[in-house]
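Proteins come first, then strands; the chains are lettered A, B, ... in the order of their sequence lines, and each starts at number 1. Because only heavy atoms are used, hydrogens play no part in the values below, and waters and symmetry mates are left out as well, while side chains stay in.
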Amino acid sequence: MGDFFKRVHVIVAGIPRGSVMTYGQIASIAGNPRASRAVGYALRATPSGTELPWHRVVNSKGRISFRETLQGDDDRSLQRVLLEGEGVVFRGSGSIDLGKYQVSF
DNA sequence: CAGCTGACGCCAT
DNA sequence: TATGGCGCCAGCT
């Protein structure tokens, strides 16, 4: 794992409960404003079992990118369920209000 | 060393 | 609003 992955890990670990950050934002803070894809790769490569709040990372449109069907609930992703569990409200279109939940620095 | 891939972003249609 | 195409960068083969 490169240094970039480590930084992404640290940044994501610091996202407060009930808030989110975008891939681009994380990439920027990590040092490479255009490495948003690499951020997704970093999260995907993260071994399960860690307590990394990966579900608090969404794309620039405030939408979920990675969908994992949940047993008995076709149209909902695990990520969405986890966020709703923290109080994040999804709009009918399936997006969240970034202006309200995104962490700002 | 040279592609290939992806939990993305941005702009044109 | 919804798609589609292309650029980007780090890791993997």
_For a quick check, with a 4.0 angstrom heavy-atom cut-off, what is the B/S/- contact string for nucleotides 3-13 of chain B, read 5' to 3'?_
---BBBSS---

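Taking only side-chain nitrogens and oxygens, A/Asn32 never comes nearer than 4.0 Å to OP1 or OP2 of C/dC8.
In this structure, NE2 of A/His9 is placed 17 Å from C1' of C/dA10, rounded to the nearest angstrom.
Between A/Met21 and the choices A/Val12, A/Ile11, A/Leu98, A/Val39, the side chain to side chain contact (heavy atoms under 4.5 Å, CB included) rule is met once, by A/Ile11.
For the atom pair A/Arg56 CZ and A/Gln79 CD, the distance stands at 11.5 Å (nearest 0.5 Å). Rounding to the nearest 0.5 Å places CZ of A/Arg80 at 10.5 Å from CD1 of A/Ile96.
Taking the six-membered ring where the residue is Trp, A/Tyr41 and A/Phe5 present tilted rings, their angle falling between 30° and 60°.
A side-chain hydrogen bond (donor to acceptor under 3.5 Å, both in side chains) check over residues 24-37 of chain A, counting only residues at least two apart or in different chains, returns nothing.
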